[in-house]
2 protein chains.
Amino acid sequence: MKMSDRKKKILQIVVDEYINTAVPVSSKSITEKHLTDISSATVRNELASLEELGYLTQFHTSGGRVPSPQAYRFYIEELMQKGNLSDKDLDYIEQAFKDKSRDVEHLIKNVTAVISELTDYTSVAVTPHADAETIRSLSLLPCGDGIALLVIMTSERILRDSFIDMPEDMGEDDLEKASKMISELFAGKALSEVRETEEQILADFGQYREVMSEVIEALKSYTRPREEDVVLSGAEKIFNHPEYEDIGNVKNFLTVIASKDKLADIIEGENDEIQINVKIGSSGDKDVPDDCSVVTATYSAGGKNLGTYGVIGPIRMDYPKVITVLENVGKALEELVGGRIKDKKDDDNEQKRR
Amino acid sequence: MKMSDRKKKILQIVVDEYINTAVPVSSKSITEKHLTDISSATVRNELASLEELGYLTQFHTSGGRVPSPQAYRFYIEELMQKGNLSDKDLDYIEQAFKDKSRDVEHLIKNVTAVISELTDYTSVAVTPHADAETIRSLSLLPCGDGIALLVIMTSERILRDSFIDMPEDMGEDDLEKASKMISELFAGKALSEVRETEEQILADFGQYREVMSEVIEALKSYTRPREEDVVLSGAEKIFNHPEYEDIGNVKNFLTVIASKDKLADIIEGENDEIQINVKIGSSGDKDVPDDCSVVTATYSAGGKNLGTYGVIGPIRMDYPKVITVLENVGKALEELVGGRIKDKKDDDNEQKRR
DNA sequence: GTTAGCACTCTCAACCTTTAAGTGCTAATG
DNA sequence: CATTAGCACTTAAAGGTTGAGAGTGCTAAC
């Protein structure tokens with residue numbers, strides 16, 4: 001059986017309608033609101049046929065129809081009409097990103113907050129872990145009590161501190177010396193290489209073996225997503241959607257949300273090539289709950305990968321809205337980061353002119 | 001009316017029973033399980049009297065009795081019998097704290113995870129913010145792109161990095177110079193003093209005014225609890241308690257939990273003097289939801305304030321268990337931190353002997 | 001002061017009934 | 001031959017009824 005234009009039109013109406021109302025769509029409502037020129041019986045025939053094709057299901061015979069995951073996928077690919085954001089929403093994005101660029105963590109938190117607010121879904125982000133970055137330098141800063149702070153500078157950014165236990169006989173001078181040695185040793189290496197050269201380094205470095213081992217552990221910990229790389233906003237938004245009036249669903253959802261590890265797995269995907277990625281239901285046999293959809297976008301701006309941001313929510317998700325928001329946030333990010341870099345360059349020029 | 005010993009005994013039974021079963025307690029069940037030597041009618045009289053005193057309430061005439069917040073308070077003060085943790089639980093604590101002491105953040109996360117696991121309630125912690133600590137030194141580490149990392153060492157610990165925008169004409173040498181100047185300027189000051197001397201410092205420091213202003217902003221941000229100072233574990237545990245079979249309650253709870261600011265307010269209390277603090281219902285007209293209790297303990301070990309840890313859950317909370325767990329975790333923490341310091345000293349001695 | 005006994009109240013679950021919504025099918029129509 | 005009107009059929013949801021069970025409050029007796 002082929003998909004006639006009319007079938008597509010009807011399918012689109014059903015999905016649109018269901019997304020907006022959360023109520024199974026009946027033939028009558030379609031003819032009343034949208035296709036006033038044909039009769040409900042005709043629509044019924046089409047609906048039955050769409051059901052046979054796997055696009056629609058019904059919970060019970062007198063319950064109207066509901067789109068299947070397959071229908072959502074088709075809808076996103078071919079039927080969906082992307083809207084524009086209202087001026088209010090655009091303003092909101094602009095305001096939110098103004099002056100709040102203090103550091104990466106705040107930016108990320110801010111981005112998820114904005115996404116969550118505008119879409120009304122729970123927003124998650126995972127920042128790129130440093131795996132592929134190369135080490136520029138390492139510093140061990142003394143901080144008393146036999147503890148030093150390890151600061152790692154990579155090609156892309158500064159990685160957050162880890163604390164390292166020092167042997168007590170190591171004075172500040174020793175520390176500085178060790179710091180320089182370590183830095184030289186690792187400079188230019190990718191973080192992902194650390195694991196492989198571990199044995200050799202430890203062997204070569206008998207003197208500071210203990211410290212070295214701790215440094216290596218710390219470096220290794222950056223090659224997988226860490227808890228602080230996963231950010232969540234608007235967990236409470238799920239209560240705004242009727243599918244989560246059932247306590248069981250909420251529990252399910254929250255249990256997933258509560259584990260940052262799982263979240264990282266869900267959000268980090270095969271998003272290397274495509275800009276926006278939609279996972280519907282248990283499509284990608286991941287840890288995504290059966291009754292959830294995940295829409296993510298991977299952003300990069302000014303040559304930097306800024307991470308993957310997205311939304312997790314019920315399958316009956318407002319895909320047009322979500323995708324539009326993600327796109328616009330992406331643009332705003334690009335402007336922010338790109339713009340900043342451009343500003344800097346302008347400054348340079350100006351200073352040179354003086 | 002006075003509280004006879006029998007009344008106290010009966011009240012204790014009611015609270016114990018209700019904590020364990022979540023079912024309103026009837027006179028019959030009391031005489032059957034606990035006070036087999038008196039009749040249910042006698043107990044009924046006592047129950048009626050306890051109700052008059054404000055310790056018990058009933059939802060409807062034939063529904064058995066339920067303790068009031070006042071009853072819980074009295075129970076905790078006078079009636080509760082603290083148990084001991086099982087060997088299994090003690091083992092669990094010991095194992096959990098082994099080798100996981102990498103840094104403060106991990107420790108805190110770990111502590112809340114343990115508390116949540118053992119009590120079966122949601123656990124929260126807030127680390128002391130640096131308000132009262134004095135600054136030991138400040139360092140600005142260059143990290144390219146006109147950005148520097150601010151590392152603050154206080155009397156107690158190292159504060160996490162903030163990124164600071166640098167004027168582009170500032171080379172690494174300038175940065176180092178500025179870093180030293182700033183460090184000298186602030187050394188010995190309490191973080192809480194920064195706010196007051198702000199004007200003067202900015203005036204004195206015309207040359208690096210912009211940078212200085214950013215440094216001051218960063219320092220100021222540590223005088224109030226920051227998001228990363230609030231840690232949460234086991235949010236999903238609430239589903240294990242029957243009061244949260246109602247979606248409305250869950251929503252309420254989660255909305256509070258979702259806001260780290262609110263959480264900080266709730267957890268940070270007037271815990272300066274007392275070790276363990278119990279807030280029941282809307283007792284302390286804080287943001288604590290009416291139907292919640294919060295039990296917190298403030299820990300310090302080895303002279304360091306390690307923060308406030310606790311549990312948030314339904315009013316019908318297993319207070320004996322929770323309090324016992326908090327106490328034992330406190331001991332374990334003390335051993336861990338105290339022990340570490342002691343180890344260090346032993347090391348010193350040994351090294352001197354050599 | 002304590003207790004047995006009983007009437008009273010209230011919830012809860014099971015069951016039934018009604019209503020409204022929506023479909024599937026059939027036969028008629030252009 | 002696609003479309004449609006018409007109607008029987010199915011089902012969920014809402015409301016009402018009933019009976020069982022649990023627990024109390026009260027009274028009178030001990």
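Residue numbers start from 1 in every chain, and the chains themselves are labelled A, B, ... in the order their sequence lines are given, proteins ahead of strands. Treat the numbers as computed from the prediction; the structure is a model and nothing was measured.
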- When rounded to the nearest 0.5 angstrom, what is the spacing between CG in A:D290 and CG in A:N249?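 Rounded to the nearest 0.5 Å, the CG-CG separation comes to 11.0 Å.
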Length of the [atom1]-[atom2] vector between [X] and [N], whole Å:
X: A:H60; N: D:dT11; atom1: NE2; atom2: P; result: 9 Å
X: B:E52; N: D:dG25; atom1: CD; atom2: P; result: 11 Å
X: A:F59; N: C:dG22; atom1: CZ; atom2: C1'; result: 15 Å
X: B:E46; N: C:dT2; atom1: CD; atom2: P; result: 7 Å
X: B:E32; N: D:dA22; atom1: CD; atom2: P; result: 11 Å
X: B:L47; N: D:dT24; atom1: CG; atom2: P; result: 7 Å
X: A:E245; N: D:dA13; atom1: CD; atom2: P; result: 12 Å
X: A:Y18; N: C:dG22; atom1: OH; atom2: P; result: 14 Å

- Please figure out whether B:S62 or B:N45 has its closest DNA chain D nucleotide nearer the 5' end.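 The residue mapped nearer the 5' terminus is B:S62.
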- Task: Kindly indicate whether the side chain of B:R44 and the base of C:dG1 share any N or O donor-acceptor pair separated by less than 3.5 Å?
- Result: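 Answer no: no donor N or O sits under 3.5 Å from an acceptor.
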- Counting heavy atoms from C-beta on, name the nucleotide in D:dT4, C:dT23, D:dT24 closest to the side chain of B:R65.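 That would be D:dT24.
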- Query: Where the side chain of A:I38 is concerned, which of D:dT4, D:dG25, C:dT3 is the nearest nucleotide?
  - Reply: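 Nearest to the side chain of A:I38 among the choices is D:dT4.
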Can you tell me if the side-chain N/O atoms of [X] get under 4.0 Å from OP1 or OP2 in [N]?
X: A:Q58; N: C:dA21; answer: no
X: A:S26; N: C:dA21; answer: no
X: A:S27; N: C:dT23; answer: yes

- Query: Side-chain donor-acceptor pair under 3.5 Å between B:S233 and B:S116, yes or no?
  - Reply: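 The answer is no; no qualifying pair exists.
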- Task: Determine whether the side chains of A:Y121 and A:D318 contain a donor N or O and an acceptor N or O closer than 3.5 Å.
- Result: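 No, no side-chain donor-acceptor pair sits under 3.5 Å.
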- How far apart are the C-alpha atoms of A:T308 and A:T298, what are their side-chain angles, what is the distance that settles it, and do they pass the side-chain hydrogen bond (donor to acceptor under 3.5 Å, both in side chains) test? CA-CA 4 Å; A:T308 302; A:T298 302; 3.2 Å; yes
- Message: Nearest heavy atom decides the nucleotide; on that basis, is A:S29 or A:A41 closer to the 5' end of DNA chain C?
- Response: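 Closest to the 5' end, via its nearest nucleotide, is A:S29.
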- Query: Relative to the 5' end of DNA chain C, which residue comes earlier, B:T61 or B:V43, by the nucleotide with the nearest heavy atom?
  - Reply: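 The residue mapped nearer the 5' terminus is B:V43.
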- Between B:Y72 and B:Y319, does the ring centroid distance fall short of 6.0 Å?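 That pair passes the under 6.0 Å test.
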